[in-house]
Amino acid sequence: MDIRIVVDDASSRYSFNDGESILMAVQKLFPQQKRSIVAARIGGLLVDLTTIPTRADDIQLVSTASSDGLEILRHSTSHIMAEAIKELYPDAKLAIGPSIDTGFYYDIDMSKTLSPDDLAAIEQKMHEITERSEHFTRQDKPIAEAIEFFKERGDQYKVEILSEIPATTVSLYTQGSFTDLCRGPHIPSTSYLKHFKLLSIAGAYWRGDEKNKMLQRIYGTAFPSKEELVGFVTAREEAAKRDHRKLGQQLDLFSIQEQAGAGLVFWHPKGAIVRKEIEDFWRAEHIKRGYEFVYTPHIANLELWKTSGHWGFYQQYMYSPLQVDEDQYMLKPMNCPFHILIYKSQVRSYRDLPLRWAELGTVYRYEKSGVLHGLLRVRGFTQDDAHLFVRPDQLNDEVKGVLDFTRHMIETFGFTKYNIYLSTRPEHSVGTDEGWQMATEALRVALEEMHLVYTVDPGEGVFYGPKIDVKLVDAIGREWQGPTVQVDFNLPERFDVTYIGENGKEHRPIMLHRVVLGSMERFFGTLIEQYAGAFPLWLAPVQVEVVPITDVQEEYAKAITARLVECGIRAKVDIRREKMQAKIRDAEMQKVPYIAVIGAKEAAVDSVAVRMRHEGDQGVVAVDQFVERLLEEIKSKVIFA
RNA sequence: GCCGACGUAGCUCAGCUGGUAGAGCGGUUGAUUUGUAAUCAACUGGUCACCCGUUCAAUUCGGGUCGUCGGCUCCA
């Protein structure tokens with residue numbers, strides 16, 4: 001049979017003999033790259049290379065250079081790891097072992113608790129298996145037979161999975177003595193696997209449900225080449241250096257103290273400067289966009305939280321009540337009810353809307369101890385919150401306004417790594433289907449009209465309404481929810497929020513909850529990682545470090561520093577009895593954007609020798625010119641100077 | 001909260017099988033007056049996270065608590 005074989009952009013024809021598999025053809029056609037071609041695609045379907053073509057459809061070869069190929073390699077690696085584990089620990093029961101973005105994992109239930117040392121032994125066993133060149137063979141079985149097969153082996157998890165598969169037949173893959181339930185395809189032989197590494201052990205609930213048993217999960221990765229594997233490991237080490245927790249300490253930005261409690265943030269002077277810059281900018285942008293500011297208390301009567309529904313729907317995140325005289329008061333987990341109270345303090349006309357009220361509102365939420373994470377998940381944090389009270393006819397424009405605002409913030413702060421999601425109605429929620437549908441549609445339309453790329457995140461909305469989330473990505477690729485817009489038709493209902501319409505009758509406004517940064521803590525955390533601590537000039541805690549070469553220039557250096565400070569520049573002078581090299585080193589390590597070196601030459605002509613962070617010596621510049629340049633850079637919020 | 005690992009000077013870390021601790025950096029003092037990433041020296045610094053137990057003796061062994069880290073589950 002004569003079939004066209006496609007590789008990347010090229011194609012050639014090959015005439016298959018009876019019973020000749022794709023693998024045999026590949027070995028003849030591409031002997032030099034036989035281990036990089038791992039599967040094939042026929043009519044859109046991925047198949048094993050051992051497949052014997054039955055029709056004259058085009059065959060597209062899949063190599064490990066493609067994402068499909070890499071996934072197959074990694075998935076096969078997880079099977080090989082499972083085989084190794086079964087050999088070492090025969091009582092191990094396997095659950096699931098998929099490939100993921102960074103590699104693969106396998107969830108295992110076994111009596112022995114694995115330690116990091118055991119990973120080396122498993123890896124060793126895997127190398128043995130790859131040297132044995134075991135073939136992966138596929139077998140299609142009626143589902144009942146497959147269930148019987150796994151039942152006999154005591155593989156209860158496989159049986160459970162099978163019992164929920166609707167198909168009548170399933171495929172099993174065997175290599176060596178190991179057989180697993182799997183859709184495939186797989187690499188033809190274990191010898192294809194050369195470059196892999198087991199990374200870590202973690203706990204994971206069976207089927208991701210915390211009511212189920214916790215299994216042991218082993219994470220690992222595999223790559224087509226040694227260089228790529230080494231590159232992956234180095235990239236992880238590099239990413240760890242950007243970790244905001246590490247930089248927070250090195251740059252003296254913030255701390256979280258055991259003595260005070262987990263998840264409670266202390267902003268040190270340098271971190272506080274960055275926060276103040278962010279806040280100043282934030283306020284100025286709000287004024288430009290027609291917002292007003294409000295301030296509200298940190299605690300309020302429990303009755304208020306019952307009215308708002310938080311007591312019913314959000315109690316697990318709220319701290320225990322405080323007894324105040326005869327009443328119970330709650331620390332606020334959200335700001336919304338307070339803004340509503342301000343709204344309700346007088347009768348509102350349709351002419352007053354939209355009302356946009358913003359507050360840097362500090363809230364406290366009980367987060368489970370295991371989820372706390374530096375600045376990115378804490379128990380007390382300040383939301384850059386705002387609530388918009390809008391008429392139905394204003395909803396679309398207002399959502400778009402918020403999205404535009406968010407985009408402006410993200411761009412100004414130079415974020416390049418983020419994803420947008422549209423989250424729909426969750427299981428636990430209030431309101432009518434029509435309400436949810438209308439609100440979700442409003443968000444979707446706004447996203448489309450703004451030409452924003454987004455993903456629908458089903459069931460991830462808040463109990464009171466759907467939302468659009470912007471998730472910022474941290475140094476090692478984890479997503480953290482930042483900016484969000486949420487439509488709420490529930491609270492206005494519960495608090496009986498109204499405005500008087502043109503017809504003189506009461507109408508219900510729609511409420512929008514939104515943050516354009518997320519929270520000051522989380523935003524700062526991701527910002528630190530974004531810049532690896534090297535903030536752009538406008539945000540840098542110290543903008544200029546003035547370094548006199550000897551103490552002869554000390555007075556001049558102090559005068560220059562005072563002049564810079566006078567111009568609104570955050571300048572510091574280093575008058576320690578250290579060599580200039582040591583001062584420069586320290587300033588570089590503190591990631592100060594500019595170092596102004598002053599020796600006898602500079603002092604004589606009212607100038608400084610400018611050194612830029614990461615760039616080195618920039619030559620001598622007159623002080624006035626230097627100031628002008630700095631002010632311009634600060635004003636324009638240049639991201640990469 | 002769950003699974004696992006970890007918790008020694010301000011920081012980074014050493015301390016074999018139990019006999020109350022060390023280094024470098026930092027800080028202080030002194031000397032050095034220096035041209036773009038660490039000048040030299042002396043001094044300083046720790047109820048070994050906390051509590052209970054085993055032991056003649058615990059930083060070291062066991063249990064618990066708190067915290068941190070990697071995941072899971074859950075969220076700004």
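Below, chains carry the letters A, B, ... as their sequence lines are ordered, and counting in each starts from 1.
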Select one nucleotide: of [options], the one nearest the side-chain heavy atoms of [X].
| X | options | result |
| --- | --- | --- |
| Lys368(A) | C75(B), U36(B), G1(B) | G1(B) |
| Tyr366(A) | G1(B), A76(B), U36(B) | G1(B) |
| Ile549(A) | A76(B), C74(B), U34(B) | U34(B) |
| Ile256(A) | U68(B), C2(B), A76(B) | U68(B) |

For RNA chain B, what residues of residues 234-251 of chain A have any heavy atom nearer than 4.0 Å?
-> Arg245(A), Gln249(A)
Nucleic acid contacts - residues 569-591 of chain A versus RNA chain B, non-hydrogen atoms under 4.0 Å |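 Result for residues 569-591 of chain A: Arg577(A), Glu578(A), Lys579(A), Met580(A), Gln581(A), Ala582(A), Ile584(A), Arg585(A), Glu588(A), Met589(A), sorted by number.
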Considering all heavy atoms, the nearest Ser111(A)-Asp91(A) contact =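 So the two residues come closest at OG-OD2, 2.7 Å.
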When every non-hydrogen atom of Ala222(A) is compared with those of Phe104(A), the smallest separation belongs to N-CE2, 4.5 Å
So with a 6.0 Å cut-off around CG of Asp101(A), is the heavy-atom count from everything else above 12?
-> no
Crowded around Glu164(A) CD? As in, over 12 foreign heavy atoms under 6.0 Å?
-> yes
Mind checking the [atom1] distance from [N] to [M]? Whole angstroms is fine.
| N | M | atom1 | answer |
| --- | --- | --- | --- |
| U55(B) | A41(B) | C1' | 46 Å |
| A49(B) | U60(B) | C1' | 15 Å |
| U36(B) | U12(B) | P | 32 Å |
| A9(B) | G46(B) | C1' | 5 Å |
| U59(B) | A14(B) | C1' | 13 Å |
| C6(B) | C50(B) | C1' | 16 Å |
| U29(B) | C11(B) | P | 22 Å |
| A42(B) | A23(B) | P | 12 Å |

Can you tell me how far [atom2] of [N] sits from [atom1] of [X], to the nearest Å?
| X | N | atom1 | atom2 | answer |
| --- | --- | --- | --- | --- |
| Gln257(A) | C66(B) | CD | P | 19 Å |
| Arg217(A) | C2(B) | CZ | C1' | 13 Å |
| Trp480(A) | A76(B) | CH2 | P | 12 Å |
| Arg377(A) | G71(B) | CZ | C1' | 14 Å |
| His513(A) | C75(B) | NE2 | P | 16 Å |
| Leu372(A) | C69(B) | CG | C1' | 12 Å |

Assess whether ring-ring contact (aromatic ring centres under 6.0 Å, His included) is satisfied between Tyr291(A) and Phe405(A), documenting all intermediate values.
-> CA-CA 12 Å; Tyr291(A) 284 77; Phe405(A) 197 166; 5.8 Å; yes
Distance check: side-chain N/O of [X] vs OP1/OP2 of [N], anything under 4.0 Å?
| X | N | result |
| --- | --- | --- |
| Gln553(A) | U34(B) | no |
| Tyr314(A) | C75(B) | no |
| Arg478(A) | G71(B) | yes |
| Tyr219(A) | C72(B) | yes |
| Thr550(A) | U34(B) | no |
| His373(A) | G70(B) | yes |

Please determine, for [N], whether a Watson-Crick or G-U wobble partner exists with both distances under 3.5 Å, and give it or none.
| N | result |
| --- | --- |
| G4(B) | C69(B) |
| U55(B) | none |
| U28(B) | A42(B) |
| U33(B) | none |
| U20(B) | none |
| U60(B) | none |

What is the nucleic acid contact for Glu258(A), judged by heavy atoms within less than 4.0 Å: base, sugar-phosphate only, or nothing?
->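 It contacts base atoms.
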Without swapping roles, check the side chain of Asp488(A) against the backbone of Leu491(A) for a donor-acceptor pair under 3.5 Å.
->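 Side chain of Asp488(A) to backbone of Leu491(A), a donor-acceptor pair under 3.5 Å: yes, one is there.
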Geometric cation-pi criterion [X] and [Y], 6.0 Å radius, 45° cone:
| X | Y | result |
| --- | --- | --- |
| Arg365(A) | Tyr317(A) | no |
| Lys591(A) | Phe535(A) | no |
| Arg377(A) | Trp480(A) | no |

Please report the C-alpha distance between Trp305(A) and His310(A) in whole Å, then the side-chain angles of each, then the deciding distance to 0.1 Å, and finally whether the ring-ring contact (aromatic ring centres under 6.0 Å, His included) criterion is met.
-> CA-CA 5 Å; Trp305(A) 303 104; His310(A) 288 94; 5.5 Å; yes
For the residue pair [X] and [Y], confirm or rule out a side-chain donor-acceptor distance under 3.5 Å.
| X | Y | value |
| --- | --- | --- |
| Gln316(A) | Tyr366(A) | no |
| Arg217(A) | Tyr219(A) | yes |
| Glu479(A) | Asn419(A) | yes |

Side chain of Arg207(A), base of C72(B): donor and acceptor closer than 3.5 Å?
->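 No such pair is found, so the answer is no.
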Tell whether Arg611(A) reaches the base of A37(B) with its side chain through a donor-acceptor pair below 3.5 angstrom.
->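 Pair found.
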ring-ring contact (aromatic ring centres under 6.0 Å, His included) between Phe232(A) and Phe223(A), intermediate numbers included | CA-CA 9 Å; Phe232(A) 171 81; Phe223(A) 286 93; 5.3 Å; yes
Every protein N/O within reach of nucleotides 3-5 of chain B N/O, cut-off under 3.5 Å:
| unit_1 | atom_1 | unit_2 | atom_2 | d |
| --- | --- | --- | --- | --- |
| C3(B) | O2 | Gly203(A) | N | 3.3 |

On RNA chain B, nearest-nucleotide positions of Val552(A) versus Gln486(A): which is more 5'?
->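 Looking at the nearest nucleotide for each, Val552(A) comes out on the 5' side.
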Glu521(A) or Ala600(A), whichever maps to the more 5' nucleotide of RNA chain B | Ala600(A)
Identify which one of Asp586(A), Val547(A), Val546(A) satisfies the side-chain contact (heavy atoms from CB on, under 4.5 Å) criterion when paired with Ile595(A).
->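 It is Val547(A), the one option of Asp586(A), Val547(A), Val546(A) that forms the side-chain contact (heavy atoms from CB on, under 4.5 Å) with Ile595(A).
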